[in-house]
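Residues take their numbers from the sequence shown, with the count starting at 1.
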Amino acid sequence: MRPQSESELAEAVSSTRTGIRISGGGTRGALGNPVDVGISVETGGLSGISRYEPGALTVSAGAGTRLGEVEAALSEHGQQLPFEPMDHRGLLGTSGEPTIGAVAACNLSGPRRILAGACRDFLIGVRFVDGTGAVVKSGGRVMKNVTGYDLVKLLAGSYGTLGILTEVTFKVLPAPEARAVVLIEGLGDQDAVSAMTMALGSPYGVSGAAHATSGVDGKPVTMIRVEGFEESVRYRAARLVCHLSRFGEASVEDDIDRTAAGWAWVRDVEAFHGRDGDVWRVSVRPGDGPAAAAAARSGIDADVGVLYDWGGGLLWLLVPEGSDVRGCLKDFAGHASLVRASPETRRSLGAFHPLPGPLERISAKLRARFDPRSILNRGIMG
């Protein structure tokens, strides 16, 4: 099905007697556990920017609107989605066009999250059709406090299990005038995390801190990003070079196109594109990052590709097919999600980290409230 209006979608949901698999642009269909499919509903017919107020820093768009269309409209006014959503196509080997609704449904947040916040922090309004076919609206075009269920935050990251998004409203921010990246080559994992921690604790407004154990040229490289007005960026980058001098010689890259490409490389985990193996996304305390990577290497007893983001708090791991990373990391606080694997592996290991008992009961009650027939993306979250 490809409904052309919210009312058409609501009627389709209320009348269906089978499961529904929700699809946006088809680029993230391999995320999560395999879905028990009855019919597929594509949101591409619910597209278009319905309202954009540059002065108010808000944009509303149909859930099926191409992400590129939204970003292009914002760019014309020198604005951006500040949470830097990831593009999964290269990692998952998919095609199509990412949609703004899928960004919200999956709560996709990239390297700038450490400074700006997550996708859900900028999602301020939603319209959706729940599992009964009812149309629900929550939030609006201004930031405000709420009582009861904060449906906007509940829908962000729910993977369509609470409702099918039809429209989303985001708070946006001005795009930076300039960008610079401080680069330090050759650091081991522990020194790299120490350098990123020092940079993030500095007064220089770091908006990205990542470490590739094998960069574009095969050498380890640590990347510290600053953004803003040109003169300020130049000053802060120079100060960071001095601030991090104990870790060795650093260089500064300030070409706007090269730096954008470099952070897209981090954001989209391009280091693992076209390489065999499963990909895990692991969130731990930044200080635990190197030890967690070492535990994965030791427990799996194989070569493990590692990319650090968020100052060491986010690890992307490339491991042999079928490897259970969670079993190697049971001594660390955090969670591990299986992002890329065969349907059989995702089904046997579970794509999402198991929730503690009390949280699982709360989640089950919420799903029963919004999808009492259990028809929306059934099984995707376990």
Side-chain angles (χ1 to χ4, degrees), residues 82-84 109-118 121 176 178-256 258-267 269 271 281-297 305-317 329 332-334:
F83 47 88
E84 212 168 356
S109 311
R112 201 178 288 111
R113 180 181 179 177
I114 57 173
L115 179 68
D121 298 316
R179 181 186 304 111
V181 182
V182 176
L183 302 169
I184 309 174
E185 294 188 348
L187 295 183
D189 290 14
Q190 187 61 62
D191 284 342
V193 170
S194 296
M196 291 189 288
T197 300
M198 181 177 287
L200 288 166
S202 75
Y204 303 122
V206 170
S207 68
H211 174 72
T213 57
S214 180
V216 175
D217 60 0
K219 299 177 182 178
V221 59
T222 307
M223 298 159 276
I224 312 295
R225 180 177 64 182
V226 290
E227 298 174 300
F229 294 112
E230 186 172 356
E231 186 175 344
S232 170
V233 166
R234 189 181 305 113
Y235 169 79
R236 287 182 285 140
R239 295 305 304 162
L240 277 169
V241 169
C242 297
H243 193 65
L244 301 173
S245 60
R246 58 173 284 193
F247 296 100
E249 185 177 353
S251 61
V252 176
E253 173 61 69
D254 59 5
D255 180 86
I256 195 76
R258 287 177 59 85
T259 55
W263 284 93
W265 186 89
V266 173
R267 180 198 69 196
V269 198
R281 183 182 184 275
V282 180
S283 179
V284 294
R285 289 189 293 257
D288 288 343
R297 292 187 183 104
V306 183
L307 175 66
Y308 294 86
D309 199 357
W310 298 354
L314 175 62
L315 281 68
W316 292 94
L317 304 180
L329 303 180
F332 297 90

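- Residues R179 and V233 have side chains not in contact (no heavy-atom distance under 4.5 Å, counting atoms from C-beta outward).
- Residue V206 comes nearest to V226 through the heavy atom pair CA-CG1, 4.3 Å, listed as atom of the first residue, atom of the second, then distance.
- By the 4.0 Å N-to-carboxylate-O rule, R234 lies too far from E227 to be salt-bridged with it.
- Side-chain atoms of M223 and W263, non-hydrogen and from C-beta on, do get closer than 4.5 Å to each other.
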| Does the side chain to side chain contact (heavy atoms under 4.5 Å, CB included) test come out yes or no for F332 and R285, once each step is laid out? | CA-CA 8 Å; F332 297 90; R285 289 189 293 257; over 6 Å; no
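- Of the N and O atoms on the side chains of E253 and T259, not one donor lies less than 3.5 Å from an acceptor on the other residue.
- Of all heavy-atom pairs spanning F83 and G117, the tightest one is CB-O, 3.7 Å.
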| request: Report the C-alpha distance between V241 and V252 in whole Å, list the side-chain angles of each, state the deciding distance to 0.1 Å, and finish with yes or no for side chain to side chain contact (heavy atoms under 4.5 Å, CB included). | output: CA-CA 8 Å; V241 169; V252 176; 3.6 Å; yes
| Where do V282 and L314 land on the side chain to side chain contact (heavy atoms under 4.5 Å, CB included) test, with the steps shown first? | CA-CA 6 Å; V282 180; L314 175 62; over 6 Å; no
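- From Y204, atom OH reaches atom OG of S232 across 11.5 Å, with rounding to the nearest 0.5 Å.
- In this structure, OG on S283 lies 11.5 Å from CG on L329, to the nearest 0.5 angstrom.
- No side-chain heavy atom of I224 sits under 4.5 Å from any side-chain heavy atom of V181.
- Using a 4.5 Å heavy-atom cutoff, the side chains of S207 and I114 are not in contact.
- Classification of the Y308-H211 ring pair by plane angle, with boundaries at 30° and 60°, yields tilted.
- The minimum heavy-atom distance linking D189 with P290 is given by the pair O-CG, 3.9 Å.
- Shown here for L315 and G312, the closest heavy-atom pair between the two residues is CD1-O, 3.3 Å.
- L307 has its side chain within reach of V269: a pair of non-hydrogen atoms, C-beta onward, lies under 4.5 Å apart.
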| message | side chain to side chain contact (heavy atoms under 4.5 Å, CB included), that's the test. Do R246 and M198 meet it? Break it down for me. | response | CA-CA 11 Å; R246 58 173 284 193; M198 181 177 287; 3.6 Å; yes
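- Looking at heavy atoms from C-beta onward, D191 lies out of side-chain contact with T222 at the 4.5 angstrom threshold.
- Annotation: side chain of V266 is in contact with side chain of D309 (closest heavy-atom distance under 4.5 Å).
- A pairwise comparison of heavy atoms in P286 and G311 identifies CB-O, 3.7 Å as the closest pair.
- Formation of a donor-acceptor pair under 3.5 Å by the R281 side chain with backbone atoms of W316 is not found in this model.
- Heavy atoms only, all atoms of each residue included: A271 and W265 are closest at CB-CZ2, 3.6 Å.
- Looking at D255 and R258, no side-chain N of the basic residue comes within less than 4.0 Å of a carboxylate O on the acidic one, giving no salt bridge.
- In this structure a side-chain-to-backbone donor-acceptor pair under 3.5 Å is present from D121 to A118.
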| query | Can you check salt bridge (charged side-chain N to carboxylate O under 4.0 Å, His left out) on E84 and R225, steps first, answer last? | reply | CA-CA 14 Å; E84 212 168 356; R225 180 177 64 182; 3.0 Å; yes
